[in-house]
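Accompanying notes for the structure given below.
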Amino acid sequence: MLEVKDLAVSYGRVQAVKGISFTVEQGQIVSLLGTNGAGKTTTLRTISGLLRPTSGEVLFEGKRIDTVPAHQIVTLGIAHSPEGRRLFPRMSVEDNLLLGAYTRRDAAGIREDLDRAYALFPVLGERRGQAAGLFSGGEQQMLAIARAMMSRPRLLMLDEPSMGLSPIMTTTIMNTIAELKASGTTILLVEQNAQAALALSDRGYVLEVGAITLSDTGAALLEDDRVRRTYLGVD
Ligand code: ATP
């Protein structure tokens, strides 16, 4: 579904991503792991069209998208829930969700999707008129995921959905990601919490200073000594 080929991305003279290749097959959850500054966010922002690669290609469903503007990439079926959530704190839950549907004109379908979001996250439905900034970190993360789902993406990219969350809330979010997969959404996940991410993932890629150093199934990476030492804190 998504094919990233020899992708390189720079900020001025700083090369943040140094020629990486990976694929995401339809129906999978794929994780990008790596320490701070490895290039994970840069990779997602490039797939979204927010950054342009200096070389390499991004193909979505067989078509090159690395020169397509970000708003068109959303209409092609890719949604991005960014790091730090980027909600509008003074706007209501419902208005934040509606912003996620800004590329759509089908009012009835949008209403259906709002109802689906409220069914998935009852707390959002019960407090739909309240300002997003009044919600807990975990609830705001739910809202960020729900907002990304409002464009009806076939590929959902999530940047650090467990950031700042308690272990219980992290489990809730991970269970939600598994449910989204079960309902047919393909997911590209960036996570610091390697344990939680790999447990869900069909495949994982480890990024170190802009290069992929390891890739395998989620299950195999959970057992890998290098991953266990560096990312799972196991001796
Ligand atoms: P984190 O988990 O800390 O967000 P990351 O793996 O997502 O890390 P990136 O945010 O992609 O990493 O950053 C990759 C590299 O690019 C880092 O060295 C970072 O300092 C640099 N970088 C990121 N954004 C910019 C920018 N706007 N200008 C210059 N350098 C940047």
Side-chain angles (χ1 to χ4, degrees), residues 2-24 29-58 60 65-70 73 78-87 137-138 140-141 144-145 147-148 153 155-167 169-170 173-174 177 186-201 203-216 218 221-222 224 226-233:
L2 181 78
E3 206 178 344
V4 171
K5 286 192 199 168
D6 300 319
L7 189 75
V9 191
S10 295
Y11 297 101
R13 272 180 294 173
V14 180
Q15 197 177 30
V17 173
K18 302 173 180 171
I20 63 169
S21 300
F22 65 91
T23 54
V24 181
I29 298 180
V30 172
S31 287
L32 294 181
L33 308 174
T35 48
N36 288 324
K40 306 177 300 293
T41 296
T42 302
T43 303
L44 294 196
R45 290 176 61 82
T46 307
I47 296 167
S48 279
L50 299 169
L51 293 171
R52 292 287 167 223
T54 42
S55 60
E57 297 180 4
V58 180
F60 181 61
I65 59 165
D66 46 87
T67 55
V68 175
I73 289 180
I78 300 181
H80 184 175
S81 174
E83 190 174 17
R85 308 190 269 268
R86 305 285 169 91
L87 299 169
Q140 291 191 27
Q141 188 57 60
I145 294 174
R147 180 182 58 181
L155 175 66
L156 174 64
M157 301 196 294
L158 300 171
D159 197 345
E160 306 261 9
S162 80
M163 190 164 57
L165 303 189
S166 66
M169 207 29 102
T170 298
I173 292 292
M174 293 298 158
I177 294 170
T186 304
I187 291 159
L188 178 57
L189 179 62
V190 161
E191 257 299 336
Q192 293 275 347
N193 187 335
Q195 173 80 48
L198 289 174
L200 285 184
S201 295
R203 209 167 176 84
Y205 293 86
V206 175
L207 262 175
E208 288 176 29
V209 281
I212 289 174
T213 52
L214 210 52
S215 80
D216 211 327
L221 288 176
L222 272 177
D224 186 282
R226 287 160 294 179
V227 171
R228 290 168 69 82
R229 273 196 305 270
T230 313
Y231 301 100
L232 304 178

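Counting starts at 1 for both ligands and their atoms, following the listed order.
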Can you confirm whether something in the protein, heavy atoms only, sits under 4.0 Å from atom 19 (C) of ligand 1?
no

Criterion side-chain hydrogen bond (donor to acceptor under 3.5 Å, both in side chains) on Tyr11 and Thr42, from CA distance to verdict
CA-CA 10 Å; Tyr11 297 101; Thr42 302; 2.8 Å; yes

To check your reading of the model: name the closest protein heavy atom to atom 16 (O) of ligand 1, its residue, and the distance in Å.
Ala16 CB, 3.3 Å

Report the distance from atom CD1 of Ile20 to atom OG of Ser215, rounding to the nearest 0.5 Å.
11.5 Å

Nearest to atom 14 (C) of ligand 1, what protein heavy atom do you find, and at what distance?
Gly37 O, 3.4 Å

List every atom of ligand 1 that sits less than 4.0 Å from any heavy atom of Thr41, numbering the atoms from 1 in the order shown and giving each element.
4 (O), 5 (P), 7 (O), 10 (O), 11 (O)

Mind checking the OG-NZ spacing from Ser55 to Lys5? Nearest 0.5 Å is all I need.
13.5 Å

Distance check, rounded to the nearest 0.5 Å: Glu57 atom CD versus Leu7 atom CG?
10.0 Å

Looking only at protein heavy atoms, which one is nearest to atom 3 (O) of ligand 1, and what is the separation?
Asn36 OD1, 3.0 Å

Can you tell me if Asp216 uses its side chain to pair, donor with acceptor, with the backbone of Leu221 under 3.5 Å?
no

Check for me whether Thr35 has a heavy atom closer than 4.0 Å to any atom of ligand 1.
yes

Check each atom of ligand 1 against the heavy atoms of Glu83 and keep those under 4.0 Å away; list them by number with element.
4 (O)

Just one of Thr41, Leu44, Leu158, Val190 clears the side chain to side chain contact (heavy atoms under 4.5 Å, CB included) bar with Glu83, so which one?
Thr41

Exactly one of Asn193, Ile173, Leu189, Ile177 clears side chain to side chain contact (heavy atoms under 4.5 Å, CB included) with Ser162, and that residue is Asn193

Any heavy atom of Glu160 closer to ligand 1 than 4.0 angstrom?
yes

Is atom 11 (O) of ligand 1 in close reach of the protein, with a heavy atom under 4.0 Å away?
yes

Determine, stepwise, if the pair Glu208 / Thr213 fulfils side-chain hydrogen bond (donor to acceptor under 3.5 Å, both in side chains).
CA-CA 6 Å; Glu208 288 176 29; Thr213 52; 3.2 Å; yes

Under 4.0 Å from one or more heavy atoms of Gln192, ligand 1 contributes atoms 2 (O)

Of the protein's non-hydrogen atoms, which lies at the shortest distance from atom 13 (O) of ligand 1, and what is that distance?
Thr42 OG1, 3.7 Å

Top protein contact for atom 24 (N) of ligand 1, by heavy-atom distance:
Tyr11 CZ, 3.2 Å

With no hydrogens and no angle check, is any side-chain donor or acceptor of Ser166 less than 3.5 Å from a backbone partner on Met169?
yes

Looking at ligand 1, would Gly39 count as a contact under a 4.0 Å heavy-atom criterion?
yes

